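Accompanying notes for the structure given below.
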Amino acid sequence: MTEQSPAEERSSYRICPLCEACCGLEVRTRGDQVVGIRGAVNDVFSAGYICPKGYALKDLHEDPDRLRTPLIRRGGELVSASWDEAFAEIERRLLPILAEHGRDAVGLAVGNPSAHKFGLLLYFSRLAKALGTKNVFSASTLDQMPKQLSSGLMFGHWLSIAVPDIERSDYLLVIGANPVASNGSLWTVPDFRGKAKAMRARGGRLVVIDPRRTETAEVADEHLAVRPGADVFLLAGMVHTLFDEGLVRLGRLDAQVNGLDAVRQAMLPFVPERLAARCGIAAADIRRLARELAAAPRGCVYARIGTCTQSFGTLNSWLVDVLNVLTAKLDEPGGAMFPRSAAFANNTAGKPGSGRGIVTGRHKSRVSGAPEVFGELPMTVLAEEIETPGAGQIRALISVACNPVLSSPGGPRLARALDSLDFMLSLDIYVNETTRHADVVLPGWSPLQESHYDVAFPQLSFRNHARYSAPVFAPPAGHPPEWQTLLRLAAIAQGLGAQADVLALDDELVEADVRKLAGDATPGVMQAVSAQRGPDRLLELALRTGPYGNLFGMKRVDPALALGLGLGADGLTLAKVQAAPGGIDLGPLQPRIPEMLRTPSGRIELAPISLLADLPRALADLDTPAPDLVVIGRRDVRSNNSWMHNLPTLAKGPFRGTALLHPSDAARLNLADGAAAQMSSDHGAVAVVVELSTAMSPGVVSLPHGWGHDLPGARLALAAQRPGANLNALLDDQQRDPLSGNAVLSGVAVRLAAHPAGA
Ligand code: SF4
């Protein structure tokens, strides 16, 4: 960052931190003011694209409700405090709990904004390790753990997730996803609309399966409405058809796949004609979709949140990749491919072609017995783990950038549980519906005040790239960066005290990491990265030891790669990425099997035992009658996290938290457009505003997640003006996908009636 005169206008580059698409933004500033934001046309990845949320980065930076100082609860109120006071209070309250009740007495919960702050993401694991608790929770078990689990079982690592190579596709079957609104989820694809349009312009075909005619369905060649929660029957019926009609073709992967016959046997009962009524799609269409996929020269199936947030989430996620494997669409240009991330990707580390694979269930939750997956327990067991007495009861919670009171089923129950904690600490930039329960709140910096590199999203991107954001503004005086805050908490948890030298601690931890990698060469490597501290140093290490780096001179960069990408003999370094404001393009996705596999067999495991064992549960569900009305969520281009409802740019315009209902259901229920209604389930009731829409399937109502900003103590003034309804107050926190622990958010039976109080 260079000094800037107050009158001078300056342009800075920043990766947008507001959703998974990670667009490059050009942020224009004058002095300490943001005067404009637009898509960065020189961005090698997003090429100038921006959605309405991107402009709201200015609102986030300027939001008066965004916290600038720590808060401590005094006399029942959260009041401003100094950093020293806050850390002293944490030490005073936390250490006795750890000493008396052990490590598992402290829960850790982290939300998805941490993925957009690399200091927070990289140092959260330092805190988790220092705490040593088994009670770790994240937003993954609210939307994506099924895909992580099925990918781990099949390919050997949780983030080895195949994404559509859309720029070379001519067929894309999208199930339970709305990328026109989201620009991808577990698939980083800015300007999906433009890419889908280009695919169709070159003769490609886009098909969307969703209970609602979504914005993506509106631009598709075909839309088919599936019954919520019944995708497993569509997918299994398609796999059955491939075997039944002799359409299976593994292509290049023929020698790389274990379990083909086991899948063939397992799919025998899933005859489309038997499944059609349950999934709401005609048998002829199920068979046709399978034939279309098999016949497409380049294409794939992509499925996301609607298929994950149901009790068959892991089966769905698995069957999607089974379809791609069986039709020779996996790891092929134009199909579903594995990105080659420049840094932090486990599928580029270690011995290429095989590994330890994954295990789950190394421990279980104390009350429900839910298995650990990826080191985490389901977010939906958090409330019962706080409420239920006994050894291992959670008595203190550290929440990091999350709001499960609004985003997790059983939100009201969780809110009551949080009030019963002995101590709660939140790292958050807002006092939201969850952090209002905290005893201490520690704020982070505005995204515009810190550097950034995406750790996870290049592992999910439609094209390989490396991009870095320098801070746009100077950091706030006297306010530590989040990575140092997390290290200080780690020091407290380890008994080193709130006054510990966190920079020295960082040196120690980094050196221990480097020693595992470099052995005797450790001093030289540490010297080579001595110009950096914190997450920037971890990034430098990751880039130089990554697939495009030269391992500090210990290996030769693949000459073809280095020359082709213009990286030179030293390969990729932090300085090179920093010197490229629009990022470095690392080319289109390349076939990576078998090199990227980390399964013990060194093959794709097409028939993991735990997944085959779950199929009878799906068959047993085949005759389940459809409830009169079920609820699903929806994604809006102006929303992603609940705090976005507090940003003026995104909050303006029509209210987006309505309950979308088909006119035939409205007539049956005697509800008019705009009517006040009560939506209820066996678990709660909320007041909603009805909006009629022929985009909905009859028997399905859509209410978006993340609303319900009318709870006392939250400090989101703008959001509170139009609070909306908390869908999660209706959802059962005991309903989970048994394999991944993911919450069931879709296809839950609800009732809808005129609100007893009228308007
Ligand atoms: S799609 Fe919008 S919110 Fe998402 S990264 Fe791009 S500009 Fe930001």
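Read the numbers this way: they start at 1 and go in the same order the structure lists the ligands and their atoms. Predicted model only: the values in this text are computed from it and were never measured. Both backbone and side-chain heavy atoms feed into the values below; hydrogens, waters and symmetry mates do not.
- By the 30° and 60° cut-offs, the orientation of the rings of F192 relative to W187 is perpendicular.
- With hydrogens and angles ignored, the 3.5 Å screen pairs a side-chain donor or acceptor of T434 with a backbone N or O of V405.
- The residue from N403, L716, N726 that alone fulfils the side-chain contact (heavy atoms from CB on, under 4.5 Å) condition with S642 is N403.
- Going from atom CG of D43 over to atom CD1 of I15 covers 7.5 Å, rounded to the nearest 0.5 Å.
- Counting only N and O atoms by type, the side chains of D59 and T649 include a donor and acceptor under 3.5 Å apart.
- If you look at atom 6 (Fe) of ligand 1, the protein N, O or S atoms less than 2.8 Å from it are C23 SG.
- The ring-ring contact (aromatic ring centres under 6.0 Å, His included) analysis of residues 158-178, with sequence neighbours excluded, yields the pairs W158-F374.
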